[in-house]
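Values below: every heavy atom of this structure, side chains too, minus hydrogens, waters and symmetry copies.
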Amino acid sequence: MAGKTVTRADLSEAVYQRVGLSRTESAALVETVLSEICGCLSSGEIVKLSSFGSFVVRDKGKRVGRNPKTGVEVAIEPRRVMVFKPSNVLKARINGDAAPEEDDG
């Protein structure tokens, strides 16, 4: 299922066409929003966007993994991972269902 990849430039162009800001202002707005989301996530905050979903950073502990090709065990160090949980509204929209009432993310 190869679809089009939406880039920052595409988002900026959409803001430019729909909101009426200049191209420069639109690009700056998109960068500011993305920067704010990144800053919040890197400080451990949960980012909830109503009717869209939630971005959460989770800590994963140290564990032993295995190379599937060779079978050799390898230590996997603790790390932080970002997880996206779509809202029920977004899930319904993707599946073409009637959108449920707006939820908290």
Side-chain angles (χ1 to χ4, degrees):
M1 189 162 122
K4 181 182 184 308
T5 300
V6 177
T7 65
R8 290 174 189 233
D10 295 331
L11 295 174
S12 297
E13 184 65 22
V15 170
Y16 166 72
Q17 290 179 359
R18 293 182 186 162
V19 178
L21 297 175
S22 71
R23 280 195 163 89
T24 305
E25 292 169 327
S26 298
L29 177 63
V30 169
E31 288 302 321
T32 301
V33 170
L34 294 176
S35 176
E36 185 66 24
I37 290 172
C38 290
C40 291
L41 289 169
S42 59
S43 67
E45 297 178 57
I46 295 171
V47 176
K48 276 189 178 180
L49 302 173
S50 182
S51 299
F52 185 71
S54 300
F55 295 93
V56 182
V57 175
R58 293 192 181 146
D59 293 314
K60 291 193 140 196
K62 183 176 181 175
R63 65 185 178 92
V64 176
R66 189 178 314 273
N67 181 328
K69 191 171 186 178
T70 64
V72 175
E73 290 186 351
V74 179
I76 300 173
E77 296 300 315
R79 64 198 188 282
R80 297 171 79 195
V81 296
M82 192 202 60
V83 179
F84 175 71
K85 182 177 185 246
S87 72
N88 290 333
V89 174
L90 180 59
K91 286 181 195 176
R93 188 168 179 180
I94 288 170
N95 291 315
D97 300 334
E101 293 295 314
E102 204 171 286
D103 66 355
D104 290 332

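Residues Ala27 and Ser12 share a closest heavy-atom pair of CA-OG, 3.3 Å. Summarising the geometry of Lys62 relative to Ala75, their closest heavy-atom pair is CE-CB, 4.2 Å, with the distance given to 0.1 Å. The minimum heavy-atom distance linking Lys48 with Ser54 is given by the pair CG-OG, 3.1 Å.
Note on Val30: it clusters hydrophobically with Leu21, by side-chain heavy-atom contacts below 4.5 Å among ILVMFWY residues. Under a hydrophobic-cluster definition in which Ile, Leu, Val, Met, Phe, Trp and Tyr are linked whenever side-chain heavy atoms come within less than 4.5 Å, directly or via other members, Ile37 and Val56 are assigned to different clusters. By the rule that hydrophobic residues join a cluster once side-chain heavy atoms approach within less than 4.5 Å of another member, Leu34 and Ile46 end up as members of separate clusters. Neither Val81 nor Val57 shares a network with the other; the hydrophobic side chains, linked directly or stepwise wherever heavy atoms of I, L, V, M, F, W or Y lie under 4.5 Å apart, form separate groups for each. Taken together through direct or relayed side-chain contacts under 4.5 Å among Ile, Leu, Val, Met, Phe, Trp and Tyr, Leu29 and Leu11 form part of one hydrophobic cluster.
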What do the steps show when you test Lys85 against Val83 for side chain to side chain contact (heavy atoms under 4.5 Å, CB included), and what is the final call?
CA-CA 7 Å; Lys85 182 177 185 246; Val83 179; 5.5 Å; no

Does the pair Val33 and Glu36 meet the rule for a side chain to side chain contact (heavy atoms under 4.5 Å, CB included), with working shown?
CA-CA 5 Å; Val33 170; Glu36 185 66 24; 5.8 Å; no

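Around atom CZ of Arg8, no more than 12 heavy atoms belonging to other residues, nucleotides or ligands sit under 6.0 Å away.
Within the structure, salt bridge (charged side-chain N to carboxylate O under 4.0 Å, His left out) pairs that include any residue of residues 16-26 comprise Glu13-Arg23 (at least two apart or interchain). Residue pairs meeting the ring pair (Phe, Tyr, Trp, His ring centres under 6.0 Å) criterion with at least one partner in residues 63-90, sequence neighbours excluded, are Phe52-Phe84, Phe55-Phe84.
For the atom pair OG of Ser51 and CG of Asn88, the computed distance is 10.0 Å after rounding to the nearest 0.5 Å. Atom CE of Met82 is separated from atom OG of Ser42 by 12.0 Å, given to the nearest 0.5 angstrom.
Listed by chain and number, the residues in a side-chain contact (heavy atoms from CB on, under 4.5 Å) with Thr5 amount to none (sequence neighbours excluded). With sequence neighbours excluded, no residue satisfies salt bridge (charged side-chain N to carboxylate O under 4.0 Å, His left out) with Glu77. Residues satisfying the side-chain contact (heavy atoms from CB on, under 4.5 Å) criterion with Cys38, sequence neighbours excluded, are absent altogether. Every residue meeting the side-chain contact (heavy atoms from CB on, under 4.5 Å) condition with Ile76, not counting sequence neighbours, appears here in chain and number order: Arg63, Arg79.
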